[in-house]
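A short worksheet on the structure shown next.
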Protein chains: 2
Amino acid sequence: MKRREFLKGGLAGGAAAGATALAAPAIAQSMPEVRWRMTSSFPKPLDALFGNALTFAQYVAEATDNRFQIQCFGPGEIAPALQAMDVVSNGSVDCAHTPIYFYIGKQPSLAFGTGVPFSFNSRLQYAWLTNGGGNALMDEALAKFNVVGFPCGQSGTQMGGWFRKEINQPSDWQGLKMRIGGLGGEVLAKLGVVPQQIGGGDIYAALERGTIDAAEFVSPYDDEKLGFSRVAKYYYAPGFWEGGAVLHMVVNQERWNALPKSYQAILRQAGDAAMNAMLAKYDSHNGPALMRLVAGGTEVKIFPNAVLDAAWDAAHQLYREKAEKDDLFRRALESMIDFRTQNYLWWQVNEYAFDSYMIASRTK
Amino acid sequence: MKRREFLKGGLAGGAAAGATALAAPAIAQSMPEVRWRMTSSFPKPLDALFGNALTFAQYVAEATDNRFQIQCFGPGEIAPALQAMDVVSNGSVDCAHTPIYFYIGKQPSLAFGTGVPFSFNSRLQYAWLTNGGGNALMDEALAKFNVVGFPCGQSGTQMGGWFRKEINQPSDWQGLKMRIGGLGGEVLAKLGVVPQQIGGGDIYAALERGTIDAAEFVSPYDDEKLGFSRVAKYYYAPGFWEGGAVLHMVVNQERWNALPKSYQAILRQAGDAAMNAMLAKYDSHNGPALMRLVAGGTEVKIFPNAVLDAAWDAAHQLYREKAEKDDLFRRALESMIDFRTQNYLWWQVNEYAFDSYMIASRTK
């Protein structure tokens, strides 16, 4: 009983620097009680995004017979949406559920962990991370922040966002104030957009007030909840800057090191399982949500090829510039392009051939 | 020490019927030592398929600090490839890694758990299982076999197989002796094929001897290893009968019930994580394998639309016939079609638009 209490104290959240002092073999022999706090970058009402953090915490609790409990906080409760990783870095919070591309201002290569414009769809993004060297590169980038990270959530291809006017040609981006995060914003800036990084919970107000002209967030299931269709008419596809965006669970390095190996394994496996749960939620809810939006007056548009081509060129110019300044960015870029070149060929032959026929036959 | 030995004895494999006699609360308080045997339907040299069983077992061991160990056997070692679930049903083996469509002769609705012709790609198959009612229907079907099952592996869209002559029109199927499992074989039988169900390890010999004229197995990474390109020239895409085939882990019901809830959770999460690992392996290895096959003389062909249309009609006619005879099949069919109709719309708008552009731009 005393031993359990000691472990509980040593491993619990807050500024407990003593956690690292625990002898690893002693922990490995038992199932210590652990209480962590997690901060999420996503508003609590979004059950696919914030809900994914809850799912992850539930999986961890179930796998440990409730010995390892993680309490999830929304943005603003213990940390702002865009600073979730910062409070994990400094140890004031144990872990965070966040897209690591929020932190490219400090380390640009983190963009590849979430996904960059024109990189991958969901399966290829995950395959690049696990089999193409991506996770190793991200480990290197995340180590600079004193955190360990692993995938915990995927959105699939996101939508291209909400606009008050049509985007018919590349020049239509000019002067547009748009909520868009990650490298997507920097790419569109090259085409004249004034990008704004705004947490999910604050987008609607900015769009309604006219502080911004356009906004991308995720996809129909979330976007419907946030009410964007009430303040913008055109809903564009695809979100070429987020073809298969991955969310990460980032954990303070010392808290991670203090865990038994079995708990580390449980966290990673729970992240994988939660990722599948999130994708499945989107894949079963986006379709019906899109139909409701269209029934309510939203006009769905596909970006014309000339618009995509201009963005492709801007993206790859941006990548070259960043690669010259940052070696880790350069290595991640080369790895991504190499994997993309090899593996979209296979996608084209088989997955795409199957999808093409299924889509054509959907209403048979 | 005595208690652990008792638990070990009670939960270990073989015909240990005593396992059910353990009091659940006693187990839930501890991390019992468990030793299980697993039989796989896939040849040991196939590291994506048999290797997936090893990955699953490794994940379970890591999450339990090696207290729960599962030993994996190949086909023929403790059970034949096509009878993996049977030996789990009767309790002589603890669990099996197998596609549950191998057992449609006894319960046709099991086909939907793996995937049926023209049902889903990988993401939609998983979404249907978890969010569309699929898992609940499969639970009902699997209960008849005294087993619990959950997803543990996915192949993505499989190839359409190896042929010695071209398939240019529906009549070219006539009289073809082909290795093809599941409902795919019954669909092609309507078009004149003589389908053969043969375990993966025995296909090459049958094709070489001329016992069969054609064979489908999985996709380039496996098919290359099994040497099919040496005995058939044409390699067709897509495998419309396996757009996103799921493998299952099936566990004897009494062994499952005897586990602590935390071990049950660990098994399910390990299944999810192993599924991702398998897909990622295919997504990173199929492309290079396909390039090697083509360099070696294999001709890749896409089934013409008329061939796909005839198969679509045959498939849906077969489904109607089976639905009339079996209520569970009927409910699974209606559920699948409903989900397919709603959710390929979303796929078309966004994922497909992104993939289309990425494929067109691959070699830019």
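Residue numbering restarts at 1 for every chain, and letters A, B, ... go by the order of the sequence lines. What you see below is based on every heavy atom in this structure, not just the backbone, and it leaves out hydrogens, waters and symmetry mates.
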Is B:I302 in contact with chain A via its backbone, its side chain, both, or neither, using a 4.5 Å heavy-atom distance? side chain

Ignoring hydrogens and geometry beyond distance, is a side-chain donor-acceptor pair present between A:E216 and A:W241 at under 3.5 Å? yes

Which region of A:F303, side chain (C-beta onward) or backbone (N, CA, C, O), has a non-hydrogen atom less than 4.5 Å from a non-hydrogen atom of chain B, or is it both or neither? neither

Would you mind telling me which of B:T130, B:N121, B:V300 has the largest number of heavy-atom pairs within less than 4.5 Å of chain A? B:N121

Can you find a pair of side-chain heavy atoms, one from A:W312 and one from A:P117, that are under 4.5 Å apart? no

Answer with side chain, backbone, both or neither: which region of B:S119 has an atom nearer than 4.5 Å to a non-hydrogen atom of chain A? backbone

Decide salt bridge (charged side-chain N to carboxylate O under 4.0 Å, His left out) for B:D313 and A:K364; before the verdict, give the C-alpha distance in whole Å, the side-chain angles of both, and the deciding distance to 0.1 Å. CA-CA 10 Å; B:D313 292 342; A:K364 255 189 194 172; 5.1 Å; no

Chain B shares the most heavy-atom pairs under 4.5 Å, among A:L124, A:I266, A:I337, A:N131, with A:N131

Proximal component of A:N66, with respect to chain B [non-hydrogen, under 4.5 Å]: neither

If the plane angle is over 60° it's perpendicular, under 30° parallel, otherwise tilted; pick one for A:F118 and A:F240. parallel

Closest-packed option against chain A by number of heavy-atom pairs under 4.5 Å, given B:A127, B:A63, B:G243: B:A63

Tell me, for B:V349 versus chain A, whether the close heavy atoms (under 4.5 Å) come from the side chain, the backbone, both or neither. both

Considering only heavy atoms, which portion of B:Y357 lies under 4.5 Å from any heavy atom of chain A: side chain, backbone, both, or neither? side chain

Pair B:S356, A:Y352 - check side chain to side chain donor-acceptor pair (under 3.5 Å), show working. CA-CA 8 Å; B:S356 297; A:Y352 191 75; 2.5 Å; yes

Would you say that B:P260 contacts B:P32 through its side chain, given a criterion of any heavy-atom pair below 4.5 Å between the two side chains? yes

Identify which of B:Q264, B:H285, B:M291 forms the greatest number of heavy-atom pairs closer than 4.5 Å to chain A. B:M291

Give the table of side-chain donor-acceptor pairs shorter than 3.5 Å for residues 267-281 of chain A, with sequence neighbours excluded, one pair per line with atom names and distance.
unit_1: A:Q269; atom_1: NE2; unit_2: B:Y59; atom_2: O; d: 3.0
unit_1: A:D272; atom_1: OD1; unit_2: A:Y126; atom_2: OH; d: 3.1
unit_1: A:D272; atom_1: OD2; unit_2: A:Y126; atom_2: OH; d: 2.7
unit_1: A:D272; atom_1: OD2; unit_2: B:N276; atom_2: ND2; d: 3.1
unit_1: A:N276; atom_1: OD1; unit_2: B:N276; atom_2: ND2; d: 3.1
unit_1: A:N276; atom_1: ND2; unit_2: B:D272; atom_2: O; d: 3.4
unit_1: A:N276; atom_1: ND2; unit_2: B:D272; atom_2: OD2; d: 3.1
unit_1: A:N276; atom_1: ND2; unit_2: B:N276; atom_2: OD1; d: 3.1
unit_1: A:K281; atom_1: NZ; unit_2: A:D47; atom_2: OD2; d: 2.7

Determine the option with the most heavy-atom pairs under 4.5 angstrom with chain A, choosing from B:Q348, B:Q342, B:M358. B:M358

Ring geometry between B:Y235 and B:W162 (parallel below 30°, tilted from 30 to 60°, perpendicular above 60°): parallel

Which region of B:Y263, side chain (C-beta onward) or backbone (N, CA, C, O), has a non-hydrogen atom less than 4.5 Å from a non-hydrogen atom of chain A, or is it both or neither? neither

Side chain to side chain donor-acceptor pair (under 3.5 Å) between B:W128 and B:S335: does it pass, once the steps are laid out? CA-CA 8 Å; B:W128 175 70; B:S335 171; 2.8 Å; yes

Side chain / backbone / both / neither for A:T341 at chain B, heavy atoms under 4.5 Å: both

Comparing B:S284, B:A237, B:A265 against chain A, the one with the most heavy-atom pairs below 4.5 Å turns out to be B:S284

Answer yes or no: is there a side-chain heavy-atom contact under 4.5 Å between B:T64 and A:S262? no

For B:Q158, is it the side chain, the backbone, both or neither that has a heavy atom under 4.5 Å from a heavy atom of chain A? backbone

Taking every heavy-atom pair that is under 4.5 Å apart, which of B:N343, B:N286, B:T157 has the most such pairs with chain A? B:T157

If one checks every heavy atom of A:L290 against chain B at 4.5 Å, the contacting part turns out to be side chain

Do the side chains of B:E62 and A:K261 get close enough for a salt bridge, i.e. N-O under 4.0 angstrom? no

